[in-house]
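In what follows, a structure is listed as structure tokens, so that the remarks can point back to it.
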Amino acid sequence: MIRNDNIIDGKALSNTIKEEIAAEVKVLVSHGERAPHLAAILVGENPASQSYVRSKVRSCEQVGFQSTLIQKEVDITEAKLLELVDQLNKNEEIDGFIVQLPLPKHIDEMKITMAIDPSKDVDGFHPVNVGKMSLGLDCFLPATPYGIVQMLDRYKIETSGKHCVIVGRSNIVGTPMSILMSRKAKVGNCTVTLTHSRTKNIKTELLRADIIIAAIGYPNFVTEDMVKQGAVIIDVGINRIEDSEAKRGYRLVGDVDFEACKNKALYITPVPGGVGPMTVTSLLMNTLKARKFS
Ligand code: GUN
């Protein structure tokens, strides 16, 4: 049987949230307030990063935000980048900003992240925001985990008492997701297993999962035989696969073998059109929050 009623439409949900944000911006502006302003720093010419940042800037326009894209050569020094971060920290016209990762090897990403004013850190990567998140305090949640939480919430997917298995322990997705899914909150209250490259038998772990969150950046890693019937599958992967028949010469696939796993899943996110659009929307939500509290 072919099913489509179990697909989480991240694009549609993200459009709904964008409409809500746009309505709030209209109210702010009608009260004589400045619209929220997001800045993005992009270093070098990584095609995936260029595409993500373009999508972030385009989304700002859609909801009535101001946006500033600052592009720098790949050989910018760490000192110059720190100077730029400092300027944005001090710029009262900018509510929040991001430094698109990854950065070139000669730049210490953590040093740059730690230089960002936590009150403008709309990516939620600064240790102050990560610490607050861990303690359940108000903070900027990192965009991808925040987007996933929104999806689970708005699709009314029960998480309490469920077993959530996360694949990948990155600072951006896996680790924060493990914290959010185990917290005492509406979306949370899971028993969490965080699997990674040293996990002995990922398949055994995954087969126990009511909720799978795949975030390793390895195409089609999660296959049908690793998934329990009725599991909720959240696919964070955005992998470019060569495809001579595709217009751009590649197509995007997730970390989950979507076609094979779809019929087993209670819910599943597609790639593209799943977590990706929600990530951008979460960044907008954080920027609106930064504007309100600035
Ligand atoms: N690279 C991949 N995902 C992200 C993100 O959410 N924010 C930034 N700044 N860089 C990224």
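Hydrogens, waters and symmetry mates are skipped; everything else that's a heavy atom, side chains included, is used. Read the numbers this way: they start at 1 and go in the same order the structure lists the ligands and their atoms. Each residue takes its place number in the sequence, starting with 1. These numbers come from a predicted model, not from an experiment.
Between E24 and K292, at least one side-chain nitrogen of the basic residue sits less than 4.0 Å from a carboxylate oxygen of the acidic one, meeting the salt-bridge criterion. Using a cutoff of 4.0 Å between basic side-chain nitrogens and carboxylate oxygens, K289 and D138 are scored as salt-bridged.
Nearest-heavy-atom check against atom 9 (N) of ligand 1 across D123, T144, I116, I98 picks out D123.
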For D255 and N239, run side chain to side chain donor-acceptor pair (under 3.5 Å): C-alpha distance rounded to whole Å, both residues' side-chain angles, the deciding distance at 0.1 Å, then the answer. CA-CA 8 Å; D255 290 351; N239 307 295; 3.0 Å; yes

Could you walk me through whether Q62 and K18 satisfy the side chain to side chain donor-acceptor pair (under 3.5 Å) test, starting with their C-alpha distance in whole Å, then the side-chain angles of each, then the deciding distance to 0.1 Å, before giving a yes or no? CA-CA 8 Å; Q62 286 171 356; K18 277 188 197 161; 2.7 Å; yes

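Taking only nitrogen or oxygen atoms, main chain and side chain alike, T279 does not reach within less than 3.5 Å of ligand 1. Inclusion of V99 in the set of residues having an N or O under 3.5 Å from an N or O of ligand 1 is warranted. Between Q100 and ligand 1, at least one pair of N/O atoms sits closer than 3.5 Å. Residue-to-ligand polar distances keep F125 apart from ligand 1: every N/O pair is separated by 3.5 Å or more.
Under the 4.5 Å side-chain contact rule for hydrophobic residues, L207 and V256 do not share a cluster.
At a heavy-atom distance under 4.0 Å, only side-chain atoms of K56, from C-beta outward, approach ligand 1.
H37 and S67 form no side-chain donor-acceptor contact under 3.5 Å, judged by distance and modelled atom types alone.
At the top of the distance list for atom 3 (N) of ligand 1, counting protein heavy atoms only, stands I172 CD1, 4.2 Å. If you check which protein heavy atom lies closest to atom 1 (N) of ligand 1, you get L101 O, 2.9 Å.
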